[in-house]
Amino acid sequence: MNVHTNIPLKNYLSMKIGGTTRFMTDVSNIDELHQVMTNAKTQNLPFFILGSGSNVIARDDEYPGLVVRVRIPGFEVVAEDHSTTTIKIGAGEIWDEVVARSVDMNLVGIEAMSDIPSYCGAAPVQNIGAYGQELADTLVSLEAYDTSVGQIVSLSNDDCKFTYRDSIFRVEEQGRYIITSITLQLYKSAPTPPFYQALQNYFDEHGITIFTPKVIREAVSEIRREKLPDPAKRPNSGSFFKNAIIDQWQLDELLREYSDMPHYEMGEGRYKIPSGWLIEQCGFKGQLLHGMRVNPANALVLINESASGYLDLSLARAEITQTVQDRFRISIEQEPLEIA
Ligand code: EPU
């Protein structure tokens, strides 16, 4: 296990913005992780766990700590019955390779989350989700290194307090747990409608009426290719903003003014409003703001076209969030985490 110094973070982040990190290391098993974290603690060094870097941004100045990339492998069927298969997966496995394997096994549960750039250990942090599925639907439990006690602990789905794009790992217990494996329970039954609207539209257009995990994976890949810019060619972090969650009274008030505002019921009197719609209504779709292009195909995605760095990104972000706030009285939140 080597510890590298003064590594430019922009080479590791899909937004291609960010200064250097003082230290960076990869760990491929729990002993190495324990050793690295014990050293970091002794030296009082801040740390940040980095997955694929596709949902993380960094500031321009040096990160005075240690970036750890968890590359612990593993893919093991740990339980099986007539209707389900339960698989334990190492944090260092590439998410989409795991989705591909589950689809090859004809299992249902994560196929709509195809092509999400992530490592498995990062997936629970923001409760990844797409096209009608989210990780919380299939995650049974996970194992994590608890930095407060220096030991591996097991957390149940409930312990993780998953909500839309959120879990205890993002804020409440940020920096305490380092995920080392996830355990998912997948289903042997066929995928059944109703499907996410964009998926259903795709099936209708292509006359698809028989649904298998493979059919769904292929449809999602196709839709994503149209909507989401390839980070290898056009640097971006996927959705840069979360969708907004508002209360019933706020929805009623806004619908009086904007009767065509899309909204999705989330239960308990809460509604999800697509932030892409809010941003588009403010006239930003396709615009270049401080070197950041608001994606013409989906205004939630910001593409780094010519930004000089984090400062430009933060100016573009401020312009968008402030304009949305002034017009709709909705405060939209950034999705990517920041190395800080
Ligand atoms: N919309 C607009 N204008 C836009 C974008 C969206 O009006 O520019 C409205 C439309 O009404 C559309 C609705 O928003 O029907 C939903 O749009 P879409 O299906 O493209 O999804 P999204 O809300 O923009 C979310 C996730 C994506 C995920 C898709 C599909 C978040 C923050 N983003 O996007 O996840 O792929 O749904 O499930 O929840 C990511 O997190 O990085 C990501 C790409």
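Remember, it's 1-based here, ligands and their atoms both numbered in the order they're listed. FYI, the numbering just counts along the sequence from 1.
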Subject >> Axial cation check for F75 ring with R101, 6.0 Å and 45° limits >> reply: yes
Subject >> Pair E80 + K188: basic N to acidic O under 4.0 Å >> reply: yes
Subject >> Contact check: A299 vs ligand 1, nitrogen or oxygen atoms, below 3.5 angstrom >> reply: yes
Original post:
Would a distance-only check, ignoring hydrogens and angles, find a side-chain to backbone donor-acceptor pair under 3.5 Å from S167 to V125?
Top reply: yes
Original post:
What about F195 and Y202, are their ring centers closer than 6.0 Å?
Top reply: no
**OP:** Note the single closest protein heavy atom to atom 42 (O) of ligand 1, along with its residue, its atom name and the distance in Å.
**Re:** S239 N, 2.9 Å
Subject >> Cation-aromatic face contact K272/Y164, 6.0 Å, 45 degrees >> reply: yes
Original post:
How does Y164 reach ligand 1, by side chain, by backbone, by both or by neither, if only non-hydrogen atoms under 4.0 Å count?
Top reply: side chain
Subject >> From W277, Y131, Y196 - option closest to atom 16 (C) of ligand 1 by heavy atom >> reply: Y196
Original post:
Any protein heavy atom sitting closer than 4.0 Å to atom 2 (C) of ligand 1?
Top reply: yes
Original post:
Looking only at protein heavy atoms, which one is nearest to atom 5 (C) of ligand 1, and how far off is it?
Top reply: N298 OD1, 3.3 Å
Original post:
Ignoring hydrogens and geometry, is there a side-chain-to-backbone donor-acceptor pair from R59 to I339 under 3.5 Å?
Top reply: no
**OP:** Would you kindly specify which portion of L300 sits under 4.0 Å from ligand 1, judged on non-hydrogen atoms: side chain, backbone, both or neither?
**Re:** side chain
Subject >> For ligand 1, the portion of Q197 having any non-hydrogen atom under 4.0 Å away >> reply: neither
Original post:
Under 4.0 Å from any heavy atom of E280, which atoms of ligand 1 are there?
Top reply: 2 (C), 3 (N), 4 (C), 7 (O), 8 (O)
Subject >> Nitrogen or oxygen atoms of S237 and ligand 1 under 3.5 Å apart >> reply: no
Subject >> Salt bridge D115-R224, side-chain N to carboxylate O under 4.0 Å >> reply: no
Original post:
What part of Q126 sits under 4.0 Å from ligand 1 if we count only heavy atoms: the side chain, the backbone, both or neither?
Top reply: neither
Subject >> Option from V153, D159, T147 for which side chain to side chain contact (heavy atoms under 4.5 Å, CB included) with Y177 holds >> reply: V153
**OP:** Could you tell me whether K88 and E93 make a salt bridge, using a distance below 4.0 angstrom between a side-chain N and a carboxylate O?
**Re:** no
Subject >> K285 NZ: over 12 foreign heavy atoms closer than 6.0 Å >> reply: yes
**OP:** Determine, considering heavy atoms only, which of R165, E226, E335 sits nearest to atom 26 (C) of ligand 1.
**Re:** R165
Subject >> Ligand-side contact atoms (ligand 1) for residue partner G238, heavy atom cut-off under 4.0 Å >> reply: 42 (O)
Subject >> Atoms in ligand 1 flagged as close to K227, the criterion being non-hydrogen separation under 4.0 Å >> reply: 20 (O)
Subject >> Atoms of ligand 1 close to N243 [distance to a heavy atom under 4.0 angstrom, numbered from 1] >> reply: 23 (O), 31 (C), 32 (C), 39 (O)
**OP:** Compute the centroid of each ring, for H4 and then for F23, and state whether the two points are separated by less than 6.0 Å.
**Re:** no
Subject >> Location of contacts on Y264 toward ligand 1, heavy atoms closer than 4.0 Å >> reply: side chain
Original post:
Relative to the heavy atoms of P262, which atoms of ligand 1 are at a distance of less than 4.0 Å?
Top reply: 11 (O)
Original post:
Should we count NZ of K16 as having more than 12 external heavy atoms under 6.0 Å?
Top reply: yes
**OP:** Have a look at P274, A130, S54, A112 and point out the one with the heavy atom closest to atom 14 (O) of ligand 1.
**Re:** P274
**OP:** Go through ligand 1 atom by atom and flag the ones less than 4.0 Å from a non-hydrogen atom of F241.
**Re:** 32 (C)
